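Would you mind keeping the following structure in view while I ask a few things?
These values consider heavy atoms only, across backbone and side chains, with no hydrogens, waters or symmetry-generated copies. If you're wondering where the values come from, they're calculated on a predicted model, not measured in any experiment. The first residue in the sequence is number 1, and the count goes up from there.
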Amino acid sequence: MWNSLLLALQVVFFLIGAYQVLLSFFGWYRKKEKITHRPTKSFALIVAAHNEETVIGALVENLLKMDYPRELYDIFVICDNCTDGTADVVRSYPGVYACERHNPRERGKGFAIEWMLKELWKRPREYDAVVMFDADNLVATDFLKYMNEDLINGHRVIQGYLDTKNPHDSWVSAANGINYWFCNRLWQLPRYNLGLSNFLGGTGMCFESKLLKEMGWGATSLVEDLEFTIRCIQRNIYPKFNFDARVYDEKPITFRASARQRLRWMQGHFDVARRYMLPTLWQGIKERSWVKIDAAFYIFNAYNFLIGFTLTATLWFDLLLPGKPHFDSIYSVIPDWAAVPVALYIYLQCPLAMLLEKVNWRSYVRLITFPIFFFSWWPITFWAFFTQKNKTWSHTEHTRVLRLEEVQGKQM
């Protein structure tokens, strides 16, 4: 009985994996985004910052040089529970607003954004859209042009392309970069090409102001981006991925910092999955909406990874026991002509995504150490499952001061 149950579970998770493999084929091609409208939309650029005096200046200078009419956008930096000189650095730039928030009970980016939006709506000036960045980001100067284009074309929520600011700093930042190139190319782009919903990534996000006022922010979990995405999808508002609107995000350079960041992500992911997965799946089934069913599968990824790890560990442990294995592996049941190509393609997806993205050749060397980073997700996910009720925000320290010209020059 236990063998049959284990085999049935393997079949279920094999099919879920095969679905994602099938989706990824639609990321092999893309159409370049076009800009056909002149700048008309006004933007409030919001930057969430907690003790970021080291890096915030580089981003503010970057945003002041955007290739977009300066009168059509304002910059607001949320100095959230800061104990350093972040606000002083921001105030040193004329025309940039340092918005100081002090609330030690409600810590975290989601609460900071909710507070900032309430403050923004009180101001006399109204904006067509709100764009959100993190303090460690750098932004391509044409970013707002693409957001203007998408808003005019009727999109209400847009996610830019999340690139890596420092992929060559360490094997950890390189692994994060590889992970993001893979997600952009073979997770986000296929969904855009197929007309499914894309998912917000925490920064480089654009929201129609009217929509934010209608819905409210209301996303205060540890993964506020995913939570807001699902709330949009449930209301038939599907975020759009703009492949050419680039944001460069700083990745942790130490394994410890990366593990803490990923633990926070997975804790939040389990929290959102527990609250939204089944309602979204049921709504998709009732409405016969594959967009919502796909979103439910996406939310399920935390459990998918956890249960997949448990199944794999069980099979490995069984092989180490003396005598004949007690459990059958799905790869012993599925014909080789089906199992081998799928397995090979799964392992080759990361280098394929890098090849499609034409990344710097130095990053391919880091594929040697990437498996260490990948397999470390397993214990992190396992621990996150048992600590998912922990809502404590863990801040990632950012120290890599780069300018946009340096990042784009190194990529070239």
Distance-only polar pair, side chains of Thr229 and Tyr298, donor-acceptor under 3.5 Å:
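Thr229 vs Tyr298: no donor-acceptor pair found between side chains.
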Can you tell whether the side chains of Arg38 and Glu149 come within less than 4.0 Å, N to carboxylate O?
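A salt bridge is absent here (no side-chain N lies under 4.0 Å from a carboxylate O).
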What's the verdict on side chain to side chain donor-acceptor pair (under 3.5 Å) for Asn51 and Thr83, showing C-alpha distance, side-chain angles and the deciding distance?
CA-CA 6 Å; Asn51 290 346; Thr83 56; 3.2 Å; yes
Member of Phe199, Trp217, Tyr276 meeting the ring pair (Phe, Tyr, Trp, His ring centres under 6.0 Å) criterion with Phe228:
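Of Phe199, Trp217, Tyr276, ring pair (Phe, Tyr, Trp, His ring centres under 6.0 Å) with Phe228 is met by Trp217 alone.
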Evaluate the criterion ring-ring contact (aromatic ring centres under 6.0 Å, His included) for residue pair Tyr19 and Trp290; output intermediate values, then yes/no.
CA-CA 13 Å; Tyr19 168 68; Trp290 189 254; 5.8 Å; yes
Determine whether the aromatic ring centres of residues Phe374 and Trp377 are separated by less than 6.0 angstrom.
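No, too far apart.
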For the CZ atom on Arg70, are there more than 12 heavy atoms of other groups (residues, nucleotides or ligands in this structure) within a distance under 6.0 Å?
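Yes, enclosed.
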Verify whether one side chain among Arg262 and Ser376 offers a donor that lies under 3.5 Å from an acceptor in the other.
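Checked: Arg262/Ser376 side chains pair up, N/O donor to acceptor below 3.5 Å.
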Taking 4.0 angstrom as the limit, do Asp163 and Arg246 come out as a salt bridge?
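Answer for the salt bridge query: yes.
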Going by atom types only, do Tyr68 and Asp142 share a side-chain donor-acceptor pair under 3.5 Å?
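There is no such pair (donor and acceptor under 3.5 Å, judged by atom type) between the side chains of Tyr68 and Asp142.
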Quick one: does NZ or CZ of Arg91 land under 6.0 Å from the six-membered ring centre of Tyr97, within 45 degrees of the ring axis?
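No cation-pi geometry.
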Under a 4.5 Å cut-off applied to non-hydrogen side-chain atoms, are Leu72 and Lys41 in contact?
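No - every pair of side-chain heavy atoms lies 4.5 Å or more apart.
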Take Tyr248 and Phe133 through the ring-ring contact (aromatic ring centres under 6.0 Å, His included) test and state the conclusion after the steps.
CA-CA 10 Å; Tyr248 302 91; Phe133 300 110; over 10 Å; no
Quick one: does Met116's side chain get under 4.5 Å of Trp121's, heavy atoms only?
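Met116 does not reach Trp121 side chain to side chain.
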So, for Phe270 and Tyr303, is the gap between ring centers shorter than 6.0 Å?
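Centroid distance Phe270-Tyr303: below 6.0 Å, so yes.
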Measuring only between side-chain heavy atoms, which start at C-beta, is Lys292 closer than 4.5 Å to Glu287?
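The answer is yes, as the side chains (C-beta and beyond) meet within the 4.5 Å cut-off.
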Would you check if there is a donor-acceptor pair between the side chains of Asn198 and Gln159 at a distance under 3.5 Å?
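Side-chain D/A pair, Gln159 to Asn198: absent.
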Under 30°, 30 to 60°, or over 60°: which ring-plane class applies to Phe243 and Phe241, parallel, tilted or perpendicular?
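Ring orientation, 0 to 90° scale: perpendicular.
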Are Asp271 and Ser221 linked by a side-chain donor-acceptor pair shorter than 3.5 Å?
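No pair is found: no donor N or O on one side chain lies under 3.5 Å from an acceptor on the other.
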